[in-house]
Amino acid sequence: MDEIKQRKSQPLLKISIVMELTGLTARQIRYYEDQKLINVYRTKGKQRLYSLNQVDILLIIKQHLSDGFNIEDIRAYFDSQKRQKKAVNDKQARRLLFDEMMNNSPFGSSNQHY
DNA sequence: ATTCTAACA
DNA sequence: TGTTAGCA
């Protein structure tokens with residue numbers, strides 16, 4: 001994973017900041033966590049810390065709810081989205097393996113140091 | 001001062 | 001979902 005994705009998924013923001021960023025109440029933010037829409041990092045003192053990616057997710061949840069969807073709908077939506085990403089990753093993995101077998105990997109075969 | 005859990009006039 | 005009590 002590249003540095004940018006790593007940083008965007010870094011748990012840094014306490015709930016008060018997330019409240020301002022999303023316009024949601026602390027009650028709502030914790031409730032969506034309870035409903036398994038997000039899994040939140042906890043410090044040793046049990047304090048919640050959110051990543052920038054999770055702020056995005058919360059904004060999406062907020063929008064979908066205002067669009068008339070319920071918690072179950074959104075959970076199913078995220079699940080299917082997760083499946084699709086996994087399918088894409090598997091497809092890319094198969095292609096990478098295939099390329100290597102055909103001695104055609106993106107790393108090239110002409111400059112191998114052995 | 002801020003966050004957390006649990007519970008409900 | 002709001003709100004509040006009692007704790008960390």
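Lettering follows sequence order; numbering is per chain, from 1.
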Trainee: May I ask you to test the A:Tyr32-A:Ile71 pair for a side-chain heavy-atom distance under 4.5 Å?
Mentor: yes
Trainee: Let me know, please, whether A:Leu49 or A:Arg27 comes out on the 5' side of the other along DNA chain B by nearest nucleotide.
Mentor: A:Leu49
Trainee: Please report, rounded to the nearest Å, how far the P atom of B:dA1 is from the CD atom of A:Gln47.
Mentor: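 Between P of B:dA1 and CD of A:Gln47: 17 Å.
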Trainee: Measure from CD on A:Glu33 to P on B:dC4 and round the result to the nearest Å.
Mentor: 9 Å
Trainee: With nearest nucleotide decided by heavy atoms, which residue, A:Gly45 or A:Tyr31, maps closer to the 5′ end of DNA chain C?
Mentor: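 Closest to the 5' end, via its nearest nucleotide, is A:Tyr31.
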Trainee: I need the CG-C1' distance between A:Leu13 and B:dT3, as an integer number of Å.
Mentor: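 Value for this atom pair: 15 Å.
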Trainee: Got A:Phe98 and A:Met102 here, is their nearest side-chain heavy-atom distance under 4.5 Å?
Mentor: yes
Trainee: Has A:Arg75 got a side-chain atom pairing as donor or acceptor with A:Gln35's backbone, closer than 3.5 angstrom?
Mentor: yes
Trainee: For A:Ser51, does its backbone N or O pair with a side-chain atom of A:Lys8 as donor and acceptor, under 3.5 Å?
Mentor: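 Between the backbone of A:Ser51 and the side chain of A:Lys8 there is no qualifying donor-acceptor contact (under 3.5 Å).
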Trainee: Quick check for you: name the first and last nucleotides of DNA chain C, 5' to 3', having an atom under 4.0 Å from a heavy atom of chain A.
Mentor: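 Taking any atom under 4.0 Å from a heavy atom of chain A, the span is C:dT1 to C:dT3.
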Trainee: Got A:Thr43 and A:Leu49 here, is their nearest side-chain heavy-atom distance under 4.5 Å?
Mentor: yes
Trainee: Pick out which of A:Leu13, A:Leu24, A:Ile29, A:Leu58 makes a side chain to side chain contact (heavy atoms under 4.5 Å, CB included) with A:Met19.
Mentor: A:Ile29
Trainee: If pairs are Watson-Crick or G-U with both distances under 3.5 Å, what is the dot-bracket string of DNA chain B, marking crossing pairs with [ ] and pairs to another strand with |?
Mentor: .|.|||||.
Trainee: Got A:Leu37 and A:Ile57 here, is their nearest side-chain heavy-atom distance under 4.5 Å?
Mentor: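 In short, these two side chains do not touch, never coming nearer than 4.5 Å.
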Trainee: Measure the distance from CD1 on A:Ile15 to P on B:dT2 and round it to the nearest whole Å.
Mentor: 14 Å
Trainee: Can a donor-acceptor pair be found, under 3.5 Å and without considering hydrogens, that links the side chain of A:Gln28 to the backbone of A:Thr25?
Mentor: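 The answer is yes, because a donor-acceptor pair under 3.5 Å joins these two groups.
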